[in-house]
Amino acid sequence: MANRGNPLRLWCFLFFPRYRYSSRFWLALLLLLLIVIVLYGIRRFSIVSVKPDTDRTRAVIVINFLLPMRQESLCSRLRIAPEIPKTGVICETEWLGPTTLVLRLQQQGEPQGQLLKFQIDRAPTIIPFISKSVTGKVRPPVPIRLMSKVLADKIPSRGPVPIVFNTPVNLHSLKRSVVLPIPGDLTPLRLSVDGKSFTDYSRWQYTPEKPFQNDTTYRIIIKAGLRSMGGSVLNGREEIAFTTARKPKVVSTNPRDGERKVHLYRTIEFVLDQEISSACVKVISLREGTSVPGNTEVKQGSVVFRPAYSFLPNTWYKAVLQAESAHLESLDKYKITFTTLDLGNKYWVDVKLGERHTATVYKGSKVVRRMPVSGGRPDSPTPLGCFYTQDRGHAFWSARFGEGATYWVRLVGQVLIHSVPKDHRWKTKEEEHAKLGLPASHGCIRMDEKDAKWFFENIPRGTMVIIHH
């Protein structure tokens, strides 16, 4: 019954009957347990301390392992993880004795003063089968310095304004120390390396609550006393000066605003006083209230709108430009109006050699007929521009190409509008007919035979034909 209150004595009483009443056994057992606990603690723990260094960009770490170690190089067992991924760190090791190791860590590149996490994995001791592992972290107390004292001009009016230090700074200390010209937000820069996100507390962005005035100089004041994350303090007052970007302006347009008798197919160009990064031009027919399809191209300081088809004759159009400069300044909507040539009730033809080749015949502003055609191949392109129909004939044969065609109408030189070519038996080449809508000719405009016959019989000499991409 005496063993009932002591679980250890009860366990020994049951399994080691010969030692039930031996006090020496209990002392030996307790001593063994004590040795195991001490060895485990010594194996598990080490004393790590950081020593000051004359070079404040370098971290000096002293590790006391508490057990005699094999004094060998630990480079293969040492891992260092800087705060910002892929930052280079140079490491030097020095043994001061069998139990004491000195690590000297020197970070490469900016920002200095990053938090450096280190780990020594299974360093061998002189005791067989016993090794030591150590982990720790250190941040060198790099003297704080403002890097962005004078910023380049052309800061966007909506921000952000970069504020850059040589070392990470404390968020709360920065907000207490900074004097902003306009209330706004201060946020550290978020970055990503190899898919891993991190925050760089040495680089900050100031975004104003309301936009700055354009083409105006502002100042940011950093008061003395700002603290870095490494504990250093900014001794003197610092100042950042920056100038905001100008708003882009339109210098000229082609056609001019209000211009009359504009050609039916032409690009619309806006020339601005600075480089443009993005733009959109919308052209609207004021007669029908519909948008004209087309593409907008940005070429440094100019914006060009290329319509997909010709404009309609005797029609007013409005072109509206929206653009943003390379400095992220938006242009206020800029618009021009113009009117096109008046062709009365005459025929005219729009030939588009785009993704699909088509010919559209108009009479005045009305579509009379739209047909698939084939223009020239890349090695024998159809000339672009404005042409007028000339002479015509019922058929021709080309010995050079070994083929002929019917219902030809001349545009310029040897460039004709004619039917799909025929072989020496005067049969339509079906493989060429299947290419209608695609580039296939030697430079002429090919049509289905019934369309070529209609064109031959209905389109008079001197009709305007506009060919474009």
Charged N-O contact under 4.0 Å between R246 and D215 = no
I268 side chain near P255 side chain, heavy-atom distance below 4.5 Å | yes
Flag the pair K299 and E269 as a salt bridge only when some basic side-chain nitrogen lies within less than 4.0 angstrom of an acidic carboxylate oxygen.
-> no
Evaluate the side-chain hydrogen bond (donor to acceptor under 3.5 Å, both in side chains) criterion for residues R370 and T360: first the C-alpha distance (whole Å), next the side-chain angles of each, then the deciding distance (0.1 Å), finally the verdict.
-> CA-CA 4 Å; R370 181 170 283 122; T360 306; 3.0 Å; yes
Nearest-0.5 Å distance that lies between atom OG in S325 and atom CG in L331 | 9.5 Å
Should the pair Y362 and W348 be assigned to parallel (<30°), tilted (30 to 60°) or perpendicular (>60°) ring geometry?
-> parallel
Donor-acceptor pair, E83 side chain versus L115 backbone, under 3.5 Å?
-> yes
Hey, are T406 and E449 close enough side-chain-wise for a donor-acceptor pair under 3.5 Å?
-> yes
Between P248 and Q274 the two heavy atoms that sit nearest each other are CA-NE2, 3.4 Å
Determine whether the side chains of R266 and N254 contain a donor N or O and an acceptor N or O closer than 3.5 Å.
-> yes
Exactly one candidate in V89, V138, I84 meets side chain to side chain contact (heavy atoms under 4.5 Å, CB included) with Q114; the answer is I84
Residues R369 and E457 bridged, charged N to O under 4.0 Å = no
Geometric class of the F212/Y218 ring pair [parallel <30°, tilted 30-60°, perpendicular >60°] | tilted
Looking only at side chains, do T217 and T243 share a donor and an acceptor under 3.5 Å apart?
-> yes
Ring centres of F338 and F311 under 6.0 Å apart?
-> yes
Is it the case that more than 12 heavy atoms not belonging to K422 sit under 6.0 Å from its NZ atom?
-> yes
Any side-chain donor-acceptor pair under 3.5 Å between Q213 and T244?
-> no
If only atom types and distance count, is the side chain of E275 paired as donor or acceptor with the main-chain N or O of S277 below 3.5 Å?
-> no
Please work out whether the ring planes of F270 and Y334 are parallel, tilted or perpendicular, with thresholds of 30° and 60°.
-> perpendicular
Cut-off 3.5 Å, side chains only: do T315 and R287 have a donor facing an acceptor?
-> yes
